[in-house]
Novice: 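Before we start, here is the structure in question, set down as structure tokens.
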There are 2 protein chains.
Amino acid sequence: MKLTTKGRYAVTAMLDLSLHYGEGPITLADIAQRQGISLSYLEQLFSRLRKKSLVASVRGPGGGYSLGRGADEIFVGEVISAVDENIDTTRCNGAHNCQNNERCLTHDLWSDLSNQIYGYLNKISLQDLMDRQAVREVADRQDHPDKEQSGLDVSLVDGSGDLAGA
Amino acid sequence: MKLTTKGRYAVTAMLDLSLHYGEGPITLADIAQRQGISLSYLEQLFSRLRKKSLVASVRGPGGGYSLGRGADEIFVGEVISAVDENIDTTRCNGAHNCQNNERCLTHDLWSDLSNQIYGYLNKISLQDLMDRQAVREVADRQDHPDKEQSGLDVSLVDGSGDLAGA
DNA sequence: ACATTCCCAAGCAAATTAGTCAAGATTATC
DNA sequence: GATAATCTTGACTAATTTGCTTGGGAATGT
């Protein structure tokens, strides 16, 4: 499993898409400008997102991308999985022959750990992210670049999303 | 945050060290052979582990490495942090100027997410890993390469370590 | 027709990973 | 004290990944 800027870009773009839901298809050019991501890089990421049906596309003028499902049905883990193609880069690669044709010491540990973390990430939907105050503030600034913003700095993580559980 | 083979190697090596606790200092050459990791690569990893006091070293013949603390006081998250130096590779880098000198849309999301996952990994100690059945089986095979092993394939993750909590 | 948009593939610089190689420093043992 | 085992350090390298550019298409609303 990987958790790098690549996945971050993808989630950021998907969140941008969610925030502008209802405005018709959103062009990648818009997202690129708002989020400061290279247009061509976005195209590559969205190519993968589309293959996983996380986004739907409309070609031609007035076209663009929209969410493939409701924002409450798309989860952060899915988005990351979609763009990070090799989920598991063990030498084992699913088989149990990592070391001398036998299972290595931490084989199952890592695959299970990966699954656990994805399980966590798959509980956070784009809707959850949108509901957070700080996200809305930033989104508002991005939509209205002229206005001055308040200096509020609210954490995005509250108790309900705690990884450790209740 | 990153979760790659680099951290996996480090945890595997630390686990090997734990499993052979009580046999005096363990040489990197032993670990390299048992776990199938390049000796020189291990040296680099252990250089970092030593700087974080996760291992202690003894030079000279009969020397080697031992755990810096008890196996129940060393946590997987620490080991990964020690070898993956740049914990947070946001463009922001802790500051809130990721985009146009302002905070980007998912700034806090990712740093918080990172913290949550580390929080989880920091609950799993090397002792916890050693207590698992499958680990002991593999360790036994590694120590006695001649014997035939049972074909048991027990998952390493049980309910008590569930990421989602109770 | 034409501009706008998605789509796709090749290539590329920088960074990272995984590893090698070579030289030292320390110390137990003979 | 010589020697061998072992840690310690630094430079170097190949393969891979990341983030990005370039250059072309294909579809489609106006």
Side-chain angles (χ1 to χ4, degrees), chain A residues 1-10 12-13 17 23-33 35-66 68 80 83-91 93 98, chain B residues 1-10 12-13 17 23-33 35-66 68 80 83-91 93 98-99 104:
Chain A
M1 165 171 176
K2 286 180 297 187
L3 223 45
T4 65
T5 48
K6 194 175 189 176
R8 181 179 3 252
Y9 276 171
T12 301
L17 217 50
E23 304 174 14
I26 306 297
T27 69
L28 289 189
D30 282 349
I31 300 179
Q33 193 190 7
Q35 307 304 334
I37 306 174
S38 142
L39 174 59
S40 297
Y41 197 41
L42 273 181
E43 284 176 346
Q44 291 174 39
L45 297 181
F46 271 71
S47 167
R48 293 185 182 169
L49 294 173
R50 199 174 64 93
K51 279 171 189 158
K52 298 289 175 61
S53 302
L54 293 176
V55 297
S57 61
V58 179
R59 286 178 157 193
Y65 284 95
S66 55
I80 295 175
V83 296
D84 283 339
E85 40 197 341
N86 61 335
I87 304 302
D88 193 72
T89 325
T90 45
R91 285 182 293 184
N93 249 340
C98 353
Chain B
M1 163 167 181
K2 284 181 298 186
L3 223 46
T4 65
T5 48
K6 194 174 189 176
R8 180 177 5 249
Y9 276 171
T12 301
L17 218 50
E23 303 174 18
I26 307 296
T27 69
L28 290 188
D30 283 348
I31 300 179
Q33 193 190 7
Q35 306 306 332
I37 306 175
S38 143
L39 173 60
S40 297
Y41 197 41
L42 273 182
E43 286 173 345
Q44 291 174 40
L45 297 181
F46 271 71
S47 166
R48 292 185 183 170
L49 294 173
R50 198 174 64 93
K51 280 172 188 156
K52 297 289 175 62
S53 301
L54 293 175
V55 297
S57 61
V58 179
R59 286 178 158 194
Y65 285 95
S66 54
I80 295 176
V83 296
D84 283 340
E85 40 198 341
N86 61 335
I87 305 302
D88 193 72
T89 325
T90 45
R91 285 183 294 186
N93 250 340
C98 355
Q99 184 193 355
C104 70

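Only heavy atoms go into these numbers, but all of them, side chains included; no hydrogens, no water, no symmetry mates. Since this is a predicted model, take the numbers as computed values, not measurements. In what follows, chains carry the letters A, B, and so on, assigned in the order in which the sequence lines appear, proteins first and then strands, with residues in each chain numbered from 1.
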Novice: What distance separates Q33(B) CD from I31(B) CD1, expressed to the nearest 0.5 Å?
Specialist: 12.0 Å
Novice: Quick one: the side chain of Q44(A) and the base of dT18(D), do they pair up donor-acceptor inside 3.5 Å?
Specialist: no
Novice: Within this structure, what is the OH-to-C1' distance between Y41(B) and dC21(C), rounded to whole angstrom?
Specialist: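 One finds 17 Å between C1' of dC21(C) and OH of Y41(B), rounded.
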Novice: Between atom CG in L45(B) and atom P in dT17(C), what is the gap in whole Å?
Specialist: 11 Å
Novice: For nucleotides 4-8 of chain C, which of its nitrogen or oxygen atoms have a protein nitrogen or oxygen under 3.5 Å away, and what is each distance?
Specialist:
unit_1	atom_1	unit_2	atom_2	d
dT4(C)	O2	P61(A)	N	3.4
dC6(C)	OP1	L28(A)	N	3.1
dC6(C)	O3'	S57(A)	OG	3.4
dC7(C)	OP1	R50(A)	NE	3.4
dC7(C)	OP1	S57(A)	OG	2.6
dC7(C)	OP2	R50(A)	NE	3.4
dC7(C)	OP2	S57(A)	OG	3.4
dC7(C)	OP2	Y65(A)	OH	2.5
dC7(C)	O4'	R59(A)	NH2	3.4
dC7(C)	N4	E43(A)	OE2	3.2
dC8(C)	N4	E43(A)	OE1	3.1

Novice: Between Y9(A) and dC20(D), does any side-chain N or O lie under 4.0 Å from OP1 or OP2?
Specialist: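 The answer is yes; a side-chain N or O of Y9(A) sits under 4.0 Å from OP1 or OP2.
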Novice: Give the rounded distance in Å between these two atoms: NZ of K6(B) and C1' of dA15(C).
Specialist: 11 Å
Novice: Enter the distance from L28(A):CG to S57(A):OG here, rounded to the nearest 0.5 Å.
Specialist: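 Result: 9.5 Å between the selected atoms.
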Novice: Quick one: do V55(B) and Y65(B) satisfy side-chain contact (heavy atoms from CB on, under 4.5 Å)? Show the steps, please.
Specialist: CA-CA 6 Å; V55(B) 297; Y65(B) 285 95; 3.7 Å; yes
Novice: Is there a side-chain contact (heavy atoms from CB on, under 4.5 Å) between K6(A) and L45(A) once you walk through the steps?
Specialist: CA-CA 8 Å; K6(A) 194 175 189 176; L45(A) 297 181; 4.1 Å; yes
Novice: I'd like to know whether F46(B) forms a side-chain contact (heavy atoms from CB on, under 4.5 Å) with L17(B), so could you lay out the CA-CA distance, the side-chain angles of the two residues, the decisive distance to 0.1 Å, and finally the verdict.
Specialist: CA-CA 11 Å; F46(B) 271 71; L17(B) 218 50; 3.9 Å; yes
Novice: Please report the distance, rounded to the nearest Å, between CG in L42(B) and P in dC21(C).
Specialist: 16 Å
Novice: Go through it in stages, so that I can follow the logic: the residues are S40(B) and E43(B), the test is side-chain contact (heavy atoms from CB on, under 4.5 Å), and I'd like the CA-CA distance, side-chain angles, deciding distance and then a yes or no.
Specialist: CA-CA 5 Å; S40(B) 297; E43(B) 286 173 345; 4.1 Å; yes
